[in-house]
Amino acid sequence: MVLDVSVLHRVWTHVAVRLVVEVASASTELRDAGSKKALYEAHGIPTYLLVDPAAGTLVAWELEGGAYRTAWRMTDEGPGHGLPAGVTLADLTREPR
């Protein structure tokens with residue numbers, strides 16, 4: 001599901017969003033890790049995941065005391081905490097068959 005950021009302020013009052021997952025691209029990576037992350041934080045979204053296939057990273061932020069803290073980071077070189085055994089970043093970013 002893709003949600004238009006311009007309508008988020010209307011959606012928050014009707015939907016209890018628990019998790020947001022973004023897949024960054026060269027054209028969105030700064031916005032995804034900057035203004036969008038700040039918006040989700042301000043609206044109290046408990047968990048925000050950012051997958052950056054170009055950088056080979058998956059970062060999870062969790063809301064703590066009203067602010068995001070990095071809960072864990074996964075790279076192509078190592079496993080991620082909280083993912084099923086054997087799941088790699090490549091599994092999460094490859095094209096569907």
Side-chain angles (χ1 to χ4, degrees):
M1 177 175 139
V2 176
L3 186 60
D4 183 348
V5 175
S6 67
V7 299
L8 288 179
H9 66 281
R10 294 185 304 230
V11 174
W12 299 133
T13 60
H14 304 291
V15 178
V17 178
R18 306 285 305 151
L19 168 70
V20 171
V21 179
E22 297 275 1
V23 177
S25 67
S27 64
T28 67
E29 62 185 330
L30 293 177
R31 186 174 62 234
D32 293 337
S35 61
K36 283 177 140 182
K37 179 180 165 223
L39 179 66
Y40 302 145
E41 182 179 64
H43 285 283
I45 305 301
T47 305
Y48 177 44
L49 301 178
L50 180 59
V51 180
D52 188 337
T57 60
L58 169 61
V59 180
W61 288 284
E62 292 182 349
L63 202 59
E64 189 174 282
Y68 278 138
R69 67 165 181 79
T70 303
W72 52 268
R73 174 182 296 268
M74 178 180 179
T75 67
D76 283 335
E77 288 80 42
H81 304 285
L83 292 176
V87 174
T88 67
L89 183 59
D91 295 329
L92 301 175
T93 59
R94 74 172 169 243
E95 292 292 322
R97 295 177 202 183

What residues form a salt bridge (Lys or Arg N to Asp or Glu O under 4.0 Å) with Glu62, not counting sequence neighbours?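 Glu62 satisfies salt bridge (Lys or Arg N to Asp or Glu O under 4.0 Å) with Arg69 once adjacent residues are dropped.
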Tell me the closest heavy-atom pair linking Pro53 and Ala24, and the distance in Å. CD-O, 3.5 Å
To check you understand the geometry: which heavy-atom pair defines the closest contact between Tyr40 and Glu22, and what is its length? OH-OE2, 2.6 Å
For Ser35, which residues count as a side chain to side chain donor-acceptor pair (under 3.5 Å) partner, sequence neighbours excluded?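 Ser35 satisfies side chain to side chain donor-acceptor pair (under 3.5 Å) with no residue once adjacent residues are dropped.
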Checking Thr47 now: which residues fulfil side chain to side chain donor-acceptor pair (under 3.5 Å) with it, not counting sequence neighbours? none
Using the rule that Ile, Leu, Val, Met, Phe, Trp and Tyr join whenever any side-chain heavy atoms are under 4.5 Å apart, tell me whether Leu58 and Leu19 fall into a single cluster.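 Yes, Leu58 connects to Leu19 through the hydrophobic network.
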Does Trp72 belong to the same Ile/Leu/Val/Met/Phe/Trp/Tyr cluster as Val23, with side-chain heavy atoms less than 4.5 Å apart forming each link? yes
Considering residues at least two apart in sequence or located in another chain, which fulfil the side chain to side chain contact (heavy atoms under 4.5 Å, CB included) criterion with [X]?
{"X": "Arg18", "answer": "Pro46"}
{"X": "Ala33", "answer": "Leu50"}
{"X": "Thr70", "answer": "Val59, Trp61"}

Separation between CD of Glu29 and OG1 of Thr57, rounded to the nearest 0.5 Å: 9.0 Å
Candidate list Asp32, Leu63, Leu39, test side chain to side chain contact (heavy atoms under 4.5 Å, CB included), partner Tyr48, passing option: Asp32
